[in-house]
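Quick notes on the structure that follows.
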There are 6 protein chains.
Amino acid sequence: MKLTVFSGRANPPLAESVASSLGLRLGQRIIETFPDDELYVRIDEDVKGHNVYLIQPTNPPVADHLLELLLLSDACRRAGAERITAVTPYFGYARQERRVKGSEPVAARLMADLMGTRVDRVIAVDLHNPAVEGFFSVPVENLSAVPLLAGAIRPHLIQGQTVLVAPDLGAVKLVQRYADILNLPVAYIHKVRGGTGDVSVRSVIGDVKGRRVLIVDDMISTGCTMVSAIEAVMAEGCEPGILVAAVHALMAGDAAESLARLPLDRILVTDSLRIDAGTTLPLEVAGLGPMLADAIKRLHGKDF
Amino acid sequence: MKLTVFSGRANPPLAESVASSLGLRLGQRIIETFPDDELYVRIDEDVKGHNVYLIQPTNPPVADHLLELLLLSDACRRAGAERITAVTPYFGYARQERRVKGSEPVAARLMADLMGTRVDRVIAVDLHNPAVEGFFSVPVENLSAVPLLAGAIRPHLIQGQTVLVAPDLGAVKLVQRYADILNLPVAYIHKVRGGTGDVSVRSVIGDVKGRRVLIVDDMISTGCTMVSAIEAVMAEGCEPGILVAAVHALMAGDAAESLARLPLDRILVTDSLRIDAGTTLPLEVAGLGPMLADAIKRLHGKDF
Amino acid sequence: MKLTVFSGRANPPLAESVASSLGLRLGQRIIETFPDDELYVRIDEDVKGHNVYLIQPTNPPVADHLLELLLLSDACRRAGAERITAVTPYFGYARQERRVKGSEPVAARLMADLMGTRVDRVIAVDLHNPAVEGFFSVPVENLSAVPLLAGAIRPHLIQGQTVLVAPDLGAVKLVQRYADILNLPVAYIHKVRGGTGDVSVRSVIGDVKGRRVLIVDDMISTGCTMVSAIEAVMAEGCEPGILVAAVHALMAGDAAESLARLPLDRILVTDSLRIDAGTTLPLEVAGLGPMLADAIKRLHGKDF
Amino acid sequence: MKLTVFSGRANPPLAESVASSLGLRLGQRIIETFPDDELYVRIDEDVKGHNVYLIQPTNPPVADHLLELLLLSDACRRAGAERITAVTPYFGYARQERRVKGSEPVAARLMADLMGTRVDRVIAVDLHNPAVEGFFSVPVENLSAVPLLAGAIRPHLIQGQTVLVAPDLGAVKLVQRYADILNLPVAYIHKVRGGTGDVSVRSVIGDVKGRRVLIVDDMISTGCTMVSAIEAVMAEGCEPGILVAAVHALMAGDAAESLARLPLDRILVTDSLRIDAGTTLPLEVAGLGPMLADAIKRLHGKDF
Amino acid sequence: MKLTVFSGRANPPLAESVASSLGLRLGQRIIETFPDDELYVRIDEDVKGHNVYLIQPTNPPVADHLLELLLLSDACRRAGAERITAVTPYFGYARQERRVKGSEPVAARLMADLMGTRVDRVIAVDLHNPAVEGFFSVPVENLSAVPLLAGAIRPHLIQGQTVLVAPDLGAVKLVQRYADILNLPVAYIHKVRGGTGDVSVRSVIGDVKGRRVLIVDDMISTGCTMVSAIEAVMAEGCEPGILVAAVHALMAGDAAESLARLPLDRILVTDSLRIDAGTTLPLEVAGLGPMLADAIKRLHGKDF
Amino acid sequence: MKLTVFSGRANPPLAESVASSLGLRLGQRIIETFPDDELYVRIDEDVKGHNVYLIQPTNPPVADHLLELLLLSDACRRAGAERITAVTPYFGYARQERRVKGSEPVAARLMADLMGTRVDRVIAVDLHNPAVEGFFSVPVENLSAVPLLAGAIRPHLIQGQTVLVAPDLGAVKLVQRYADILNLPVAYIHKVRGGTGDVSVRSVIGDVKGRRVLIVDDMISTGCTMVSAIEAVMAEGCEPGILVAAVHALMAGDAAESLARLPLDRILVTDSLRIDAGTTLPLEVAGLGPMLADAIKRLHGKDF
């Protein structure tokens, strides 16, 4: 079974990196948006009997990127592709994975069902809740970029002086995984109700005073959680030169502006989402290409 | 079984019109777009055991409107709705209903499959190809606005002096339906290869010289087909004061500008898509609200 | 993956032609009808892991031919066939592809669903409405015999003296495809209400007087449309020696008798349906075998 | 939920009988066969929200009757029927319920799957193998006409002088059910290899000499089994005036002629299949109408 | 639609409590285990058209309780039940909701799929990971007993002297929910690597010294986590009279013995699982019956 | 495609025998039961792209063995297995294959559906009712051990002195298959109502007096049927040294004790179920390993 890799329009540089790690060129395809906003997709490769990988994170515009992925997949299927794997290192809507008030959708399940109408397998990276794997009727490889990021940040740490910080309760398990690799102490931040009612205050549990801080989260979306956490550890008297690590640099809303105002030494992220080339943030990008290529090799099997 | 009607954000005025024709108020729901482009949907009605109708054409942004519809439907299903009908008077991607070159998707089938993951029935209006009904695994009511539009245009016709024109071969059956109602002669326009190779020229078959012309099509998308047809009948010496009728006024790209330059007497359309309030085109809008409300009454049954 | 071709009982000569073009012999199978009208099917080939093609148009008796196809497919599946493709060059019920009055079935969708319970792919030829491709949950290759027929008729044409004629509005796109290949002018026939009420009269749009006429349609079923068209062009004074081309020669009812009475020079058809050997019609048959074999080679891939 | 009963064309008298037992008239529908052998179906009743029962045994022509049933069902579903039950008192292909040689289909499962594409429930009568119930993905009511037939035959029995006979091993459980109701002794017939090789001889196990014989089977298809059994019990010296009882009088091939030659007192059957009015056989028909009507009442629930 | 409630054999007292809160008696059914370990199930109620609720947590023996539930559901479906809801306040395998090493199953998804073959809706209580809701293809009501347990424990608290403790990182969100209701401070326990390598030590983050401790978790399985947590807070010098609250009292292995050895004041649990009547533990049981009955009323709708 | 064979915990010796006949070692896997009765499964082989066979009869504990099988299959699927075949030589619940009273489940169909959620093919041996093949949506190979058992018993027969006996009506077809192979006469046992009402008495039809008897059935479950049959033929005066043959030695309840009390010469069974090593019964075991291995070779195809 031959291997063919296509890129949607969500993150072509990442797709190039994956293909290059595999020693392949990206498959030719045409993707256009008609004036009536309909997507037009056409593949220009023979995919008959091929094992096809479609590299397409579902970052904003989420619905368009999802649809583009499914159209590509439909085209490949009809053209005779044997198996189709969606490579969505960032999987949109993963945080809407349960009903809080009872009258919302479970949006992540809907996304999984829509994917399931056209793809045979999914490769994701650090799904917000690992249980989202179970939302799919097809097998999911939920890779983790934590070892990659931990390895990239290690040279910047001074052992004995750095403490890992989880910016909220949702990140406590993640921070523990970094702690296991980097052998660092941890601290947690959680919200408590302030004295004057419903204003919540962030409280740091654990000792950060006088230490260097590495705050880790799975993604930076609007940056609010991260900014609050940074302010909280600064208020506790941590050392300047704060480090931040996150897998997915969504940078929605005014995340970039908010973070730019803070005394950060380094923000370590992956290229699961396309990085704005003109950013002035102190970003350091750990490329996912080789890791995704390894996963594809492993799944594809004998030809590598 | 109680009846509840919700509107997505694609065409609230039409939804209001449907609800009002039914003597109902629209169901309360919250739809927001998060900074990371994810939609957040919540219904604020009790829909347990209800027969729910979601009014949401899938006009641009097509993918977002589709996803919004499916999220609303997922929320209703989980909240206990008994049956969910999507009312999509304009159904995006209906024209991509077959593979021309063999390496495209059949996008209309994909749309039908995605709809089929969450809705029990679909109401559409003048699907581009009526056979698209067969793409859905759920029943489809494909209503027609042709009688409505024909009735609205009748007062503007001078019998014996008007000829119906199909702007391309795709419209010949549609024009015949108008002809049967309005008892008018017809003419067709088709493309022929010009003398110098691949330049195509539009040729009018049938007599339009010195007559008033009513050009009908199912939709005005970018307006190219319509503009070419108008130019062709003008070149043939038709009377000024051309009439145009189309069900779906998509008005994509610079359709409005192109049409504004031509000597049109009247453009008759429906409100299947939200009409730009500030347009300077001689638009006359035949409202679909009562017709859709009738269809809902018919499907819902005994409570009306 | 090995390739095995079976024939049902609908059109064994075509199946022989396909197999021969592939350099294969047809797979052994037993098909009998029991006295209680139940079909008995058994395959006498090892198909384990094979790529199986079942040649079976669904011409009359339609239901039996469909069932025979599905029984063959069930037998192959249980015997371990890896993939099963139905080759139905004529696909019955394709014209019942939408509801006209609202209380009929969409028969073509039902056929597609029944096929979908047992086959993985379908190869068809000139589906009455190309959108029927989208009715199937499995991929469909909708081949066209138009180039084949156009090539076969070319030697019989005298350029500058022949006009292509569409016998009704349903054929206007088809006639355009012939026109593009043969570079001929076109004329259309459409029904208009006669003066005395509901009697419809066929009117020819375009110039056929004194010219030789080539009438094209996708199929000759009862022949009514074709006979009326021939009478209409004759009434307009076309040259004698009318040519007719159609992909599917269904010849239902008294089609053969009706056509035999008319001054036809030549009726060009394919062998998508089994041709009555004893016919006295001036039939010229363009065999589909090589074209279907090419499609199979293309889909089957590397072994050819 | 209103109840509507339609009849296909397989057995309208039975459908009339069912409707009459329910105090209803049959729903209006049009079923025609086009010259190209395609069925045309249209319903002329409002079925919106109705509980629809389609009376259609799948006797010969089996494939046409099945397709007719599915087309009716598709029409009802699209027209808004709430639930659709197929009433197929005789279910064709039930005997092809397993693979004997390994390279046949399991035709009964295929039939069940095809039914399952369009109906919600099935009512059958004395399925050849009761386990066929489990072939359906929808619930099946497998009614039995044995009590009805046993009651009808009782007046013709002389206790102490009649013996029940199973004509082959497949009928041993059935004969036991009659024996339990009628309190009669039983005998079995089985084939044994004759002395000269592969000629099989029917041997009677149990005592029939000088007794009156009642042979019971689930169906009379070609009559071969029954004729052989009659000859075997006659050879053993049973009393003249043999009685026969069977649920389904398929009478395929020359069953009627073969049986007419034998000294039968009475052949008791049901009207699961349409009875040839002109038969000269000593048929006594026990009507299934009331029993089927009772089952429908029971399933339909509260309105009766 | 009538409401009928059946109990499996997993927790009949809870089912009695639910039925009683609904003012109903439990539906009659027979459930037996044959000597060959096969379950035999039969319902002795008319359920035609009913809305059926099956009360059956899937506690040990998990597989048997699951199968019993599905057999009951299959029987109800075939007997004509309109809708079937599984009430599984404890849902086994919910903790196996993702692959840790990559070569395990996602057991919770398998359970959800098996449930989905026979039930229309699920009611659960405090699923281990709330995202498991998204594993089901049917809607899930994931109720919470936290308010019930918090209300029950409140009288035993001395404000200002009690601290809530999460026994591991998996419980941090749960403890926050108790904290929000009870307005108490929180402390966390997490494992850290000890000085001598891979021995892990539990470290308490937050202040418990001299305070009364309320440890909360979603379930007590083998009790290991809880026992370790208790030992950790005792080592930190908490006050005697430790309180424990957990929704599901699985009490697997020697949980009861281990806990009996510790100085616990009170263990608050629900009856989601059947409570061993002879226990000597200081158990206080908050009954789920009224809460489940309320959910059923809410879902069932108008009849209550 | 590589072949990998795993064993569940139901019958590892049989799995060893199959693997050994294939010249393979069993795949490494871990299966444990947690204290809370949940199964933990992990595979320790690379199965990417493999053709996997899971040897696991579903004997008692039936539900656990079924679940273990499905968990193994889920793990293999997610790890990339190409095709998964369940080898269940004994298939539990096969006897619950229809509803007798109308308010039970069709348990065998439920089992088939549960299997169908995770496996692609099933290999069974002598299913209680061969029609159970049709319950599965996937292909089933229903092998027969009758030739194997007949061959094994042949040396113990004295031609002309042995008679085959069917212990009840359910076994009449099975006994005929032995008769065809061994060329022996047959006798049947059936229950008749005794003189004093509902006490049933077993009556032997056919001659066993003074002959050696070989009683055959598909399984020995509780042994009741077999014990009654033995007593009946002894009462008829058969020779001592009775032979018994059955495919599945379930030996439920006190089957072993009951049979031990009777004067049996030999009980011939297969190892479809694990044989109790310490039994004192005169068991002779015909191993299924080579036959199952042959079937796997046949299905797997070219690599053998």
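Scope of the values below: all heavy atoms of this structure, side chains included, with no hydrogens, waters or symmetry mates. Order of the sequence lines fixes the chain letters, A, B, ..., with proteins taken first and strands second; residue numbering starts at 1 for each chain.
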Note: E:Y90 and F:E38 closest approach over all heavy atoms is OH-OE2, 3.7 Å
List the atom of F:P105, the atom of E:A75, and the distance in Å for their closest heavy-atom pair. N-CB, 3.6 Å
Non-hydrogen atoms of chain F under 4.5 Å away: do they reach the side chain of [X], the backbone, both or neither?
X      : value
E:V47  : neither
E:I43  : both
E:M251 : neither
E:L39  : both

[atom2] on [Y] to [atom1] on [X], rounded to 0.5 Å:
X      : Y      : atom1 : atom2 : value
E:R29  : F:S103 : CZ    : OG    : 13.0 Å
E:L70  : F:M111 : CG    : CE    : 8.0 Å
F:R78  : E:R99  : CZ    : CZ    : 6.0 Å
F:L110 : E:L67  : CG    : CG    : 6.0 Å
E:L114 : F:R118 : CG    : CZ    : 7.0 Å
E:F34  : F:Q96  : CZ    : CD    : 5.5 Å

Determine the option with the most heavy-atom pairs under 4.5 angstrom with chain E, choosing from F:R109, F:R42, F:R95. F:R42
For each of F:V62, F:L250, F:D254, tally heavy-atom pairs with chain E at distances under 4.5 Å, and name the one with the top tally.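 Highest number of heavy-atom pairs under 4.5 Å: F:V62.
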Could you look at F:R77 and say if it's the side chain, the backbone, both or neither that has a heavy atom under 4.5 Å from chain E? neither
Looking at E:L72, E:I30, E:L66, E:V41, which one has more heavy-atom pairs under 4.5 Å with chain F than the rest? E:V41
Heavy atoms, side chains only, cut-off 4.5 Å: are E:D74 and F:D113 in contact?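 When only atoms from C-beta onward are counted, F:D113 and E:D74 do not touch, as no gap falls below 4.5 Å.
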Ignoring hydrogens and angles, tell me if any N or O in the side chain of F:D36 forms a donor-acceptor pair with the backbone of E:A252 under 3.5 Å.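 Judged by distance alone, no pair lies under 3.5 Å.
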